[in-house]
Amino acid sequence: MHNYYFDNRIKATADLYHVEKIRRILVSGGDYTMTEKHGCDEPTAMRDSLVSHNVPDTCIIEHWQGWRTINSIDAVRNLYDFDSITIISQKYHNERALYQADHFGLNAVGYNAEPSPITSSRIRNTVREYFARVKLFLDLL
């Protein structure tokens with residue numbers, strides 16, 4: 001199945017890079033190649049896709065422990081020592097990620113990539129996001 005969310009995030013990131021709004025790019029996700037039948041290495045896929053959009057790999061940092069948004073946000077502060085970031089994702093996800101960034105004391109802005117054009121994908125992600133937000137508040141207790 002085609003992942004429009006991924007493609008739109010990559011395009012938005014490359015666009016921001018090419019207009020010099022961002023200089024370094026942290027791609028964060030999990031490597032599911034060993035644990036799932038059709039799993040992928042998300043950071044490598046993101047890097048390869050950005051490179052195919054003419055973003056130099058020298059400005060891309062790969063983080064493989066980003067299984068959850070909270071892991072990625074925590075790594076920004078504690079592993080990579082960034083104090084300000086631009087989070088590039090879809091609106092529903094940016095809202096949660098920005099809340100987490102604020103909780104960790106990061107200066108963060110969100111850039112909303114286009115959502116999927118497929119209605120069923122948008123509905124599925126809206127439902128998933130509802131549960132992710134509940135889990136977020138449990139994590140931050």
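- The shortest heavy-atom contact between Ile22 and Thr13 is CD1-O, 3.7 Å.
- Among pairs with a residue in residues 46-59, those fulfilling salt bridge (Lys or Arg N to Asp or Glu O under 4.0 Å) read Arg47-Glu62, at least two apart in sequence or across chains.
- Among all heavy-atom pairs drawn from Asn112 and Gln90, the shortest one is OD1-C, 4.2 Å.
- In this structure, the side chains of Ile60 and Val51 come closer than 4.5 Å at one or more pairs of heavy atoms.
- The CG atom of Asp7 lies 7.0 Å from the OG atom of Ser49; values are rounded to the nearest 0.5 Å.
- Thr69 and His93 share a side-chain donor-acceptor pair at under 3.5 Å.
- Ile87 CD1 to Gln100 CD: the interatomic distance, rounded to the nearest 0.5 Å, is 8.0 Å.
- The minimum heavy-atom distance between Gly29 and Glu42, with the atom names listed, is CA-OE1, 3.3 Å.
- The cluster map of Ile, Leu, Val, Met, Phe, Trp and Tyr, joined by side-chain heavy atoms under 4.5 Å apart, puts Leu98 and Ile25 in different clusters.
- The line from OG1 of Thr33 to CG of Asp41 is 6.0 Å long, rounded to the nearest 0.5 Å.
- Residues His63 and Ser28 come closest through the heavy atom pair ND1-OG, 2.8 Å.
- Arg122 and Ser116 share no side-chain donor-acceptor pair at under 3.5 Å.
- Both Tyr80 and Ile73 sit in one connected hydrophobic cluster of ILVMFWY residues. Membership requires side-chain heavy atoms under 4.5 Å apart, directly or through other members.
- Sparse packing is recorded around CD of Glu114, with 12 or fewer heavy atoms of other residues, nucleotides or ligands lying under 6.0 Å away.
- Salt-bridge check for Asp15 with Lys11: passed, with a basic side-chain N closer than 4.0 Å to an acidic carboxylate O.
- With hydrogens and angles disregarded, a donor-acceptor distance shorter than 3.5 Å links the side chain of Asn94 to the backbone of Ser89.
- Taking Ile, Leu, Val, Met, Phe, Trp and Tyr as hydrophobic and joining them when side-chain heavy atoms fall under 4.5 Å apart, one finds Tyr92 in a cluster with Tyr5.
- Separating the CZ atom in Arg23 from the SG atom in Cys59 is a distance of 10.5 Å, to the nearest 0.5 Å.
- In the displayed structure, Arg133 atom CZ is contacted under 6.0 Å by more than 12 heavy atoms of other residues, nucleotides or ligands.
- Side-chain heavy atoms closer than 4.5 Å link hydrophobic residues (I, L, V, M, F, W, Y) into clusters, and following such links, even through other members, never connects Tyr17 to Ile85.
- The OG1 atom of Thr35 lies 7.5 Å from the CG atom of Asp31; values are rounded to the nearest 0.5 Å.
- Using a distance-only test at 3.5 Å, with no hydrogens or angles considered, a donor-acceptor pair links the side chain of Asn8 to the main chain of Pro115.
- Residues Tyr4 and Val27 do not share a hydrophobic cluster, defined by chaining ILVMFWY side chains whose heavy atoms lie under 4.5 Å apart.
- Residues Phe6 and Asn3 approach most closely at N-OD1, 2.9 Å, considering heavy atoms.
- In terms of modelled atom types and a separation under 3.5 Å, the side chain of Asn71 and the main chain of Gly66 share no donor-acceptor contact.
- Under a hydrophobic-cluster definition in which Ile, Leu, Val, Met, Phe, Trp and Tyr are linked whenever side-chain heavy atoms come within less than 4.5 Å, directly or via other members, Trp64 and Leu26 are assigned to different clusters.
- The aromatic ring centroids of His38 and Tyr32 lie 6.0 Å or more from each other.
- The CD atom of Glu95 lies 3.5 Å from the NZ atom of Lys91; values are rounded to the nearest 0.5 Å.
- Within a 6.0 Å radius of CD in Glu36, other residues, nucleotides and ligands contribute more than 12 heavy atoms.
- Contact record, Ile88 with Ala12: CG2-CB, 3.8 Å, taken as the closest heavy-atom pair.
- Residue pairs meeting the ring-ring contact (aromatic ring centres under 6.0 Å, His included) criterion with at least one partner in residues 101-141, sequence neighbours excluded, are Tyr99-Phe137.
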